[in-house]
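A short worksheet on the structure shown next.
Treat the numbers as computed from the prediction; the structure is a model and nothing was measured. Reminder, nothing fancy here: chain letters follow the sequence lines and each chain counts from 1.
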Amino acid sequence: MLDKELVQHVAHLSKLEFDEADLEKFTLQLDEIIQMENELTAVDTTNVRPTTHIARQESTFRADEPQKGPSRTELLSNVPEQADGFIKVPSILTTEED
Amino acid sequence: MNYFDETITSLHQKLVTKQISNAELAQATLDNIDKTNDTINSFISVNTSIGQEPAFEIAADQPLQGIPLAIKDNILTKDLKTTAASKMLANFRPIYEATVVDRALRAGMVNIGKTNLDEFAMGSSTETSYFGATKNPWNLNKVPGGSSGGSAAAVASGQVIAALGTDTGGSVRQPASFNGVFGIKPTYGRVSRWGVIAFSSSLDQVGILSRHVVDSAQILEAISGYDKHDDTTSTQEVPAFSKIKADVKGLRVAVPEEFMGYGVDPKVKEQVQKAINTLQQQGAVVESVQLPHAQYAVQVYYIIASSEASSNLQRYDGIRYGYRADDVHNLEDVYIKSRSEGFGDEVKRRIMLGSFALSAGYFDAYFNKAAQVRTLIIEDFKKIFADYDLVVGPTAPTTAFDLNSRIDDPVVMYMNDILTIPANLAGLPAASVPVGLADNMPVGLQLIAPPFAEQTIFNAAQVLENESNFLQMQPKMGGQK
């Protein structure tokens, strides 16, 4: 049921790209996994509520007061490309000379 | 330092009476790692600077002071490279300490280095690490299990006395079982996840591995408890876990019929049955029960864990930290090329599966269905724990498998986790304690308790440690004098 077109669509949603050989491989593997997942259809879940988290703790709130956080230098310490204390990224649109 | 004959308490005695200084202990541990790491590849990085720390007076009332601890490399350590075993984070230096690390350090423990894992903790064999596979110290042709395979191999080979791991679907317990060490995943919410690189937020929990049960208990005591940085942590009081009572008299123990099926190797079953008999001989009341929805645990897990992972791993975009691809022409390129070059295949498979399960048209059939079956698994456990104190069975269907034997077959690899996943889905505390050998490889018994009943696990595991004499057995690498 899983074809290359759908896998390509999911890759797009996931911001991933695959060459033809990998697309082939991933389609086969994901299809096998989805077939395994389809075994869940055998379980009757009528009126069963879904469990999406299991925290046993009530949510807590803190006062909305400014707190001291990490410095700019610290926050930028793992940035791949930066200039003048700012994060540097390529242009959003493809540049002309490319 | 030969950790095979030591516990944290015996080391503490030596430190207090100055038979060894904290500096010497740290250096001896670094030497241990240095001697064997080329062979087993359990560490990604070592905290060499710790060898230069000055010696200081160890307080008699500070049992963890000066004790070296290995830390899985998906747990943030300030200024010490934390990679999640991924090319994506190969040069990442955290600017803050994970809460578990902070608490261990405050208790006086020493961060000795960062252990290998499957990339982003996604795997059951530590073979998907960007930094190469870890080997099993009992047999170097076998996997150490995963994803905390580096932590388990480091403890099993005597490089360290204890290590932190994380457990999302069995990643502490299965490698503990494969390496013949004790490993515990506490109740969801017992330990803070702040600073633990997120994989599946409703399942992840930090755990501990050690040769002796009591050492894990002592460390769990130090790292547990409410953390204002993690809203899912519990305010429940943390008991003095290390005050273990090795006693199972009258303990009501349930053995799910399903756990003894599921393709469990007959030789594994034999060792597990022997351990169950021991519990019975020591006064536990053992009965067979049913856990009917556990057979769907793997299917439920791979939808839920992958969905949460696809969301959690969106943050790796090549902008603020992590790998950035070079040959890019626009912003979209940065995202796509950085992620496609920075993640390995297993991580990509899970992101893809998760995106699929959450996508329009498939959400109800996959994500919602899995979340509903999760509810049924939780209810199965609730019914059992109304009458029993502990659920036991094998930790894994087999002993450690051969390196490279399953890596290209994801479904076969995933099925290996069928016995450990249910405890994560239900957020229950669970541990693996070594009970014997099958074909010269260790076998673990799994113990699962109701929420926050870790003490029951420690007490029963201590009985098995005492009765099985497993600690007398030595792997191929480690313990030799």
Margin query: Tell me whether the NZ or CZ atom of B:Arg406 lies within the 45° cone about the ring axis of B:Tyr414 and under 6.0 Å from its centre.
Written below: no
Between [X] and chain A, with a heavy-atom cut-off of 4.5 Å, which part of the residue counts as in contact: side chain, backbone, both or neither?
X	answer
B:Ser234	both
B:Thr233	backbone
B:Ala370	both
B:Asn91	backbone
B:Ile378	side chain
B:Glu308	side chain
B:Phe452	side chain
B:Asp230	neither
B:Asp345	both
B:Tyr323	neither

Heavy-atom distance under 4.5 Å to chain B: side chain of [X], backbone, both or neither?
X	result
A:Lys25	side chain
A:Leu30	side chain
A:Ser14	both
A:Ile87	side chain

Based on non-hydrogen pairs under 4.5 Å, which of [options] is most in contact with chain A?
options	result
B:Asn368, B:Val334, B:Ile319	B:Ile319
B:Tyr188, B:Tyr226, B:Phe367	B:Tyr188
B:Met415, B:Lys337, B:Gln314	B:Lys337
B:Thr232, B:Thr235, B:Leu203	B:Thr235
B:Ile336, B:Asp408, B:Ile303	B:Ile336

Item checked: Set of residues satisfying side chain to side chain donor-acceptor pair (under 3.5 Å) with respect to B:Tyr321, sequence neighbours excluded -> none
Notebook entry, point to check: Are B:Gln299 and B:Tyr366 close enough, and set up right, to give a side-chain contact (heavy atoms from CB on, under 4.5 Å), and what steps lead you there?
Noted result: CA-CA 10 Å; B:Gln299 287 83 346; B:Tyr366 291 96; over 6 Å; no
Note to self: Holding to side-chain contact (heavy atoms from CB on, under 4.5 Å), I want the full list of residues that pass it with B:Glu258, two or more places apart in sequence or in another chain.
What the structure shows: B:Pro256, B:Tyr262, B:Gln290, B:Leu291, B:Pro292
Give, for atom [atom1] of [X] and atom [atom2] of [Y], the distance between the pair rounded to the nearest 0.5 Å.
X	Y	atom1	atom2	result
B:Asp102	B:Thr77	CG	OG1	12.0 Å
B:Phe343	B:Leu89	CZ	CG	8.0 Å
A:Glu37	A:Asp31	CD	CG	12.0 Å
B:Thr83	B:Arg93	OG1	CZ	11.0 Å
A:Leu2	B:Met352	CG	CE	8.5 Å
B:Gln205	B:Arg190	CD	CZ	9.5 Å

What residue, out of [options], has the most heavy-atom pairs lying under 4.5 Å from chain B?
options	result
A:Glu81, A:Glu39, A:Gln29, A:Lys88	A:Gln29
A:His9, A:Glu17, A:His12	A:Glu17
A:Pro90, A:Ala11, A:Pro80	A:Pro80
A:Leu40, A:Thr41, A:Leu13	A:Leu40

Item checked: Verdict with reasoning, B:Asn312 to B:Ser200, per side-chain contact (heavy atoms from CB on, under 4.5 Å) -> CA-CA 7 Å; B:Asn312 273 326; B:Ser200 178; 5.6 Å; no
Margin query: Quick one, B:Leu428 and B:Pro451 - any side-chain contact, counting heavy atoms below 4.5 Å?
Written below: yes
Next item on the list: Return the orientation label for the B:Phe381 and B:Phe385 ring planes: parallel under 30°, perpendicular over 60°, tilted otherwise.
Entry: parallel
Next item on the list: Any chance you could lay out the side-chain hydrogen bond (donor to acceptor under 3.5 Å, both in side chains) test for A:Thr45 and B:Gln372, step after step, and finish with the verdict?
Entry: CA-CA 6 Å; A:Thr45 50; B:Gln372 286 177 309; 3.1 Å; yes
